[in-house]
Amino acid sequence: MARFANAKGPYLRMTDSPSYGTGAIQRDFLIGLLPVILFAFYKNGVQVYLDGNIAFLEMFYPLVFILTGGLMSTLLEALYFVITDKSVRTMKALGKKLAVSYAAIPGLLLAMIMPLYTPVWVLIFGCIAGTLVAKMLFGGFGYNIFNPALIGYIAVAFTLYGVIQNAGGALNASEVLIDAAGGATPLGALVEGEGLTYAALVAPYGNLLDFFVGTIPGALAETSALAILISYVWLVARKVIKWFVPVVFVGTVFVLSWFIGLIAGAEGLWFPLYSILSGGLMFGAVFMATEPVTTPRNPLGKIVFALFLGVFTVLFRFVGDFAEGVATAIVFMNIFTMPIDNWTAIIRSELGGKEVFVKGAPKVKKPVSKALIKGIILAVLILLIALYGVLKAGGMFTASGWIMPLFGRLF
Amino acid sequence: MILNQATGIRIDGKKHMSKTTPMHEYLNPRFVYLPLLQQNSPLKRTVDVGATVKIGQTVAVREGFGAMPIHASVSGKVTAIKKVWHASGRMVDAIEIENDQQNALDDAIRPEADPGIFTRTELVQKMQNAGLSGLGGAGFPTYVKYQAKTPIDVVIINAVECEPYITCDYVMIEKYPEKLLKGLKYFMRAADAKRGVICYKNYNVGIAEALKPFLSAYPDITLHPVKDIYPAGWEKYLVQQVTGRSYPNLPAEAGAIVDNSGTAIVFADVVEHNIPLISRAITISGEGVKEPKNFLVPIGTPVKELVALSGGYQDGLDPAKSYYIAGGPMTGRAIMIDELIVNDTLGSVIVKPMPAERNHPACLGCGRCADVCPVFLAPTEIQRAFEMNDKDAVRALNATKCMQCGLCSYVCPSHIEISDFVLRAKELLRK
């Protein structure tokens, strides 16, 4: 007689293989950041050095800046563990905690969405807000409600924006020289209210291909749609993110921007393309809207979440007076992750797998499904917000709009 | 993945370990222990200690739902009523019969001159008299399915064996292809069904090869290979694949009956020779066993003897760091003491070493559990509702749809016992 081990089934797990697990997912995510980081290094370092506008060592500043972000958030998290966790008394115990906390990721992401010449103390401030407040105080990895990197970004952007501008802002040394738009990034130009014309929004920075490749002014690592697409393909192939989340998010913004363009007289596809290629939309859609901890878990919830992100991004970007709509939209929607997850889970569990009966079988009478009501409420909400955003934004940019007189002072 | 049919995932079957070994018949163990438990119903013993029994003699009866007799699987003397380990993870009373090696048959066991004359009711009656229950794992009394009020148009034989390691059904079909077809034919007559379909995994071409020479005599029976995914052997999935219909509770609602291939092979003997359910096939496999094998054994055989016949445990196997699993590794149960006996639902015993310990992080919310769930549940939401003790939320999330395939725990990258949470949430509703 032998005594065997007891455990809960199933007795076969994918985690049996050391190459599968949350650690591997996070590692793949970090690898997915590489194309974007390398492009930032090329655009803000190598290219500027080749232009002869900075010294050789300065060329590495973008890389150093991004790594500083990752390092700072790791250090802050280690400090938090040492202070609050009684079980952490040795370096080994600390290492074990950090190994399953993935501390570097929020800091890296934060550094990547900051303007290039952000002072390092501002970056540290952002790391404190992001890592300590938004992540660790909520219970650490897996329990945070808000995206840590975006909380850090918003804390900085709302309080220290002027400091960043005075220190040099987003333009690198080459862009300052040819500065055609008076120090503004393409989205900044939109807020300054020059009207929705190709000449004001796109022409100063080149053409739409430059927008796609990413050789336009903007935050450190979020300008290149091309590099982000490479990351996207990698992340989807490694099953780190769901392919449809960025597609739905960007697609919603594209369609709504197109409508806004039609209303505001900016006809043609250039406006929606400009809309999705500028600012942090691509970056946010691939790296932030798919962040697993702070977004819904089930696939239907992810789709609904991405739809909401799209409409709120349009609303915040075109109607609000703060250029960046993506960060605020994602953080705002993080609040609703739990209810959306719950509602869509109910809807999906009820509608999933059709139930068809054969003739002669007794039919089961079903009351009006609560799932259906929930689904209708979600759909109506999305449509209403989208409609409001489109009409309001379209009306703002047109002098002789036909929409505004129609609805009077409703808005 | 989002709302359509169950997609399932591919799992390394590890079938090669026992697939090529021939069926080992081990029909005369010294003692058999017939457990006095079927599904969740205790059985009523009808023989006393000291009585002499023959093969096929009734020794216990199941009462209430699924009432039917249980038969002695060897001939000999009832020597004791003992507690034994049962596949359900409990110790249950069992009738100990000492085998006299005479193989004396009960009078009821005799060949039928013309098995083709039986009517639908007679066939269903035969199922009940033979104590026939599903050999796939759930152990549902077979005759109850055939008493369905709804019209049945197809009988599906489940030879999918989507659980890893298990090969006993495969080897049984290779050995008795004609019995399977006959059994299915009788099943179809018992259900008045026009069609019979045999489902097997597409890589198991051996099944098709074994059946093909006989198929020409059965024009209304077709073969239906299914994709190599888990849980392809799930009843609802098979009915969807074969008929395109789904159902809320029982396959009969969609006009189908699903039976395990082993049950069909036994049923052929039931109809033609009146041999009741007294033996079954079982796979002894896993990395912890020296020579994995398939056995045909009387019900009640101690698994220990089968492990010994399979070469015993691997040298250097540390039991405290190994699983001893009754059933497949996905839906089976770890038994702590290796004194298990073979009951009607036990299709395999897997001995495998535990994987190396790892430091696992918290749930990261990747949602893979919701992606793979064949019934479209959101296990993380059910866990949350369970932890808040919120019965209404558990009910609203349709937790009762869960059929415990274990996929959510299987894919979890943070090694969370998520399917156990769902199981406990379901138990919360029952209270």
Side-chain angles (χ1 to χ4, degrees), chain A residues 1-18 20-26 96 99-102 140-143 239 242 292-303 341-342 344-346 348-362 364 370, chain B residues 1-3 5-6 11 150-151 164 245-248 253-255 319-325 329-339 352 354-355 358-367 370-371 375-378 380-381 396-398 401 406 409-415 417 419-420:
Chain A
M1 193 176 94
R3 274 190 84 84
F4 281 83
N6 195 10
K8 284 170 181 136
Y11 304 96
L12 211 57
R13 306 282 176 104
M14 283 178 87
T15 44
D16 290 353
S17 131
Y20 181 87
T22 303
I25 295 176
Q26 303 293 348
K96 237 180 171 179
V100 293
S101 182
Y102 315 107
F141 176 77
Y143 299 96
K239 294 187 180 159
K242 287 270 172 300
V293 180
T294 56
T295 61
R297 275 97 167 111
N298 76 73
L300 187 65
K302 284 180 208 270
I303 291 180
D341 207 1
N342 189 271
T344 49
I346 292 173
R348 185 165 171 266
S349 69
E350 235 164 80
L351 301 186
K354 279 178 246 143
E355 284 166 11
V356 186
F357 296 87
V358 269
K359 270 184 190 170
V364 189
K370 279 181 186 164
Chain B
M1 181 172 67
I2 295 161
L3 278 180
Q5 269 188 353
I11 294 179
T150 48
R245 293 191 292 260
S246 186
Y247 56 89
E253 292 156 16
K321 284 200 168 143
S322 309
Y323 298 129
Y324 182 88
I325 308 156
M330 295 300 286
T331 59
R333 189 188 289 269
I335 305 289
M336 289 177 69
I337 312 269
D338 59 350
E339 300 276 319
K352 72 187 276 283
M354 281 163 84
R358 276 168 72 189
N359 186 11
H360 290 293
C363 170
L364 88 159
C366 60
D371 289 347
V375 286
F376 307 97
L377 300 180
T380 49
E381 282 302 305
L397 288 161
N398 288 311
K401 269 189 176 180
S409 287
Y410 174 76
V411 297
C412 180
S414 291
H415 203 278
E417 306 290 351
S419 55
D420 187 59

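Because only heavy atoms are used, hydrogens play no part in the values below, and waters and symmetry mates are left out as well, while side chains stay in. Throughout, a chain's letter reflects where its sequence line sits, starting with A, and its residues are numbered from 1. Because the structure is predicted, anything quoted here is derived from the model rather than measured.
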**Prompt:** Of all of Gly23(A), Gly142(A), Pro18(A), Ala24(A), which one pairs up most often with chain B through heavy atoms under 4.5 Å apart?
**Reply:** Pro18(A)
**Message:** Using 0.5 Å steps for rounding, measure from the CZ atom of Phe141(A) to the CG atom of Leu364(B).
**Reply:** 4.5 Å
**Contact winner vs chain A - Ser414(B), Gly365(B), Gly367(B), heavy-atom pairs under 4.5 Å** = Gly365(B)
**Segment of Thr380(B) engaging chain A (4.5 angstrom heavy-atom cut-off)** = side chain
**Asked** Taking atom OH of Tyr11(A) and atom OG1 of Thr331(B), what is their separation to the nearest 0.5 Å?
**Response** 10.0 Å
**Asked** Under a 4.5 Å cut-off applied to non-hydrogen side-chain atoms, are Leu12(A) and Lys352(B) in contact?
**Response** yes
**Request:** Using non-hydrogen atoms and a 4.5 Å limit, figure out which bit of Pro355(B) sits close to chain A: side chain, backbone, both or neither.
**Result:** side chain
**Item:** Minimum-distance pair of heavy atoms, taken over all atoms of Pro10(A) and Gly406(B)
**Value:** CG-O, 3.3 Å
**Message:** If you compare all heavy atoms of Gly9(A) against all heavy atoms of Ser419(B), which two are closest, and at what distance to 0.1 Å?
**Reply:** O-OG, 4.0 Å
**Prompt:** Does any N or O in the side chain of Asn359(B) come within less than 3.5 Å of the main-chain N or O of Ala99(A), such that one atom is a donor and the other an acceptor?
**Reply:** no
**Request:** With a 4.5 Å cut-off on heavy-atom pairs, point out which of Asn342(A), Thr295(A), Thr344(A) contacts chain B the most.
**Result:** Asn342(A)
**Asked** Atom CG in Asn6(A), atom OH in Tyr324(B): separation rounded to 0.5 Å?
**Response** 14.0 Å
**Request:** Select one option (side chain, backbone, both, neither) describing which atoms of Ile11(B) are under 4.5 Å from chain A's heavy atoms.
**Result:** side chain
**Item:** Heavy-atom pair with the smallest gap, counting every atom of Pro361(B) and Tyr102(A)
**Value:** CG-OH, 3.5 Å
**Item:** Region of Ile25(A) in contact with chain B, defined by heavy-atom distances below 4.5 Å
**Value:** side chain
**Fill in**
So, the part of Lys302(A) with a heavy atom under 4.5 Å from chain B: the answer is side chain
**Request:** Starting at OG1 of Thr22(A), measure out to NE2 of His360(B) and round the result to the nearest 0.5 Å.
**Result:** 8.5 Å
**Prompt:** Any idea which heavy atoms bring Ser349(A) and Leu377(B) closest together, and the distance?
**Reply:** CB-CD2, 3.8 Å
**Message:** Taking side chain as everything from C-beta outward and backbone as N, CA, C, O, which of these in Ile337(B) sits under 4.5 Å from a heavy atom of chain A? Side chain, backbone, both or neither.
**Reply:** both
**Message:** Using a 6.0 Å cut-off, check whether atom CZ of Arg358(B) has over 12 heavy atoms from anything other than its own residue.
**Reply:** yes
**Message:** Any heavy-atom pair between the side chains of Asp371(B) and Pro299(A) that's under 4.5 Å?
**Reply:** yes
**Prompt:** In terms of heavy-atom proximity below 4.5 Å to chain A, should Met330(B) be classed as side chain, backbone, both, or neither?
**Reply:** both
**Message:** With a 4.5 angstrom heavy-atom cut-off, is it the side chain or the backbone of Ser101(A) that approaches chain B, or both, or neither?
**Reply:** neither
**Message:** Could you report the tightest heavy-atom contact between Thr15(A) and Cys412(B), atom names first, then the distance?
**Reply:** CG2-O, 3.4 Å
**Asked** Residues two or more places apart in sequence or in another chain: which of them pass salt bridge (charged side-chain N to carboxylate O under 4.0 Å, His left out) with Arg13(A)?
**Response** Glu417(B)
**Request:** Find the distance between CG (Leu397(B)) and CG (Asn298(A)) and round it off to the nearest 0.5 Å.
**Result:** 9.5 Å
**Asked** With respect to chain A, which residue among Met336(B), His415(B), Arg333(B) yields the maximal number of heavy-atom pairs within a distance under 4.5 Å?
**Response** Met336(B)
**Item:** salt bridge (charged side-chain N to carboxylate O under 4.0 Å, His left out) partners of Lys8(A), counting only residues at least two apart
**Value:** Asp420(B)
**Item:** Distance-minimising heavy-atom pair for Tyr20(A) and Pro413(B)
**Value:** CE2-CA, 3.7 Å
